[in-house]
**Q** 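After the C-alpha cells below, expect a handful of questions from me.
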Amino acid sequence: MYAVIKSGGKQHRVVQDEFLKVELLKAEKGDTIKIEDVLMVVDGSDIKIGQPVVAGAVVEAEVVEHGRGEKVRIVKHKRRKHYHKEQGHRQWYTLLKIKAITA
C-alpha cells in the first residue's frame with residue numbers, strides 16, 4: 001500500500017515505515033502529524049484518486065529531525081566585464097517517518 005501526498009508544493013510517494021525529507025514544517029521533534037493532503041491511495045488493485053484530495057484519507061508521520069540540506073553554489077559571471085559573484089544556499093528540511101496510511 002502506498003499513497004501520494006502533497007507537502008511544500010511538491011508531491012511525494014510514501015510507503016509505511018519510510019523516511020521522507022520535506023520542506024520545513026512547524027512541528028517539534030518527536031511530534032506526530034497528520035497529513036490530509038492525500039492525492040492518491042493504492043492498495044493492491046484498489047486505486048483511489050482524489051479530486052483534488054481523497055476524502056477521509058490520512059497519512060500519519062512522526063517528526064524525526066529538522067536540518068539543512070547540502071550547499072548549492074550560485075555563480076554569476078560576465079566575461080570581460082570584471083563581474084563575478086558567488087553565493088551559497090542551504091535549504092531547511094524536516095525528516096519524517098511515515099507511521100500509517102489510512103484510506
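Keep in mind the model is a prediction, meaning the values are calculated, not measured.
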**Q** V63 and A27: which non-hydrogen atoms are nearest, and at how many Å?
**A**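 Looking at all heavy atoms of both residues, the shortest contact is CG2-CB, 3.9 Å.
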**Q** Measure the shortest side-chain to side-chain distance between I35 and K6 over non-hydrogen atoms and say whether it is less than 4.5 angstrom.
**A**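 In short, these two side chains do not touch, never coming nearer than 4.5 Å.
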**Q** Counting only heavy atoms not in R73, do more than 12 fall under 6.0 Å of its CZ?
**A**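 Check passes, neighbour count above 12.
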**Q** Backbone N or O of D43 within a donor-acceptor pair of the D46 side chain at under 3.5 Å?
**A**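 No.
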**Q** For E86, does the CD atom sit with more than 12 other heavy atoms under 6.0 Å from it, leaving out its own atoms?
**A**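 More than 12 within 6.0 Å, yes.
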**Q** Measure the CZ-OH distance between R68 and Y93 for me, rounded to the nearest 0.5 Å.
**A**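 Between R68 CZ and Y93 OH, I get 11.0 Å after rounding to 0.5 Å.
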**Q** Find out whether Q16 and M1 are in side-chain contact, i.e. whether some heavy atom of one side chain is under 4.5 Å from a heavy atom of the other.
**A**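 Contact flag for Q16/M1 side chains = no.
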**Q** Any non-hydrogen side-chain atom of E23 less than 4.5 Å from a side-chain atom of Q91?
**A**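 Contact flag for E23/Q91 side chains = yes.
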**Q** So L39 and V53, do their side chains get closer than 4.5 Å, heavy atoms only?
**A**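 In short, these two side chains touch, coming nearer than 4.5 Å.
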**Q** Should I47 and V15 be regarded as members of a common hydrophobic cluster, given that ILVMFWY residues are connected when their side-chain heavy atoms come within less than 4.5 Å of each other, either directly or indirectly?
**A**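 Yes, I47 and V15 fall within the same hydrophobic cluster.
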**Q** Between atom CD of E62 and atom NZ of K29, what is the distance when rounded to the nearest 0.5 Å?
**A**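 Between atom CD of E62 and atom NZ of K29 there are 10.0 Å.
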**Q** Let's go through D17 and K97 carefully: what are the C-alpha distance in whole Å and the side-chain angles of both, what is the deciding distance for side-chain contact (heavy atoms from CB on, under 4.5 Å) to 0.1 Å, and is it a yes or a no?
**A** CA-CA 6 Å; D17 297 326; K97 181 176 183 186; 4.2 Å; yes
**Q** Would you find a donor on one side and an acceptor on the other, under 3.5 Å apart, between the side chain of R90 and the backbone of G69?
**A**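 Yes, R90 side chain to G69 backbone: donor-acceptor pair under 3.5 Å.
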**Q** Taking C-beta and beyond as the side chain, do I5 and D37 meet within less than 4.5 Å on heavy atoms?
**A**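 No, side chains not in contact.
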**Q** Looking only at heavy atoms, which two atoms of I33 and L25 are closest? And how far apart?
**A**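 Between these two residues, the closest heavy atoms are CD1-CD1, 3.6 Å.
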**Q** Grab the two heavy atoms, one from T94 and one from L24, that are nearest each other, plus how far apart they are.
**A**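 Closest pair (atom of T94, atom of L24, distance): OG1-CA, 3.4 Å.
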**Q** Roughly how far, to the nearest 0.5 Å, is NZ of K99 from CD of E18?
**A**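 Spacing of CD (E18) from NZ (K99) equals 14.0 Å.
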**Q** If you round to the nearest 0.5 Å, how far is NZ of K71 from NE2 of H89?
**A**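 NZ of K71 is found 11.0 Å from NE2 of H89.
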**Q** Atom NZ of K85 and atom NZ of K76: how far apart are they, to the nearest 0.5 Å?
**A**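 Separation between the atoms: 5.0 Å.
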**Q** Drop me the distance from E65's CD to K21's NZ, to the nearest 0.5 angstrom.
**A**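 Answer for the CD-NZ pair, E65 versus K21, is 7.5 Å.
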**Q** Locate the shortest heavy-atom distance separating F19 from L95; write the atom from each residue and the value.
**A**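 Reported closest heavy-atom pair: CB-CD1, 4.2 Å.
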**Q** State plainly whether one hydrophobic cluster holds both V22 and V38, where clusters connect Ile, Leu, Val, Met, Phe, Trp and Tyr through side-chain heavy atoms under 4.5 angstrom apart.
**A**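 Both belong to a single hydrophobic cluster.
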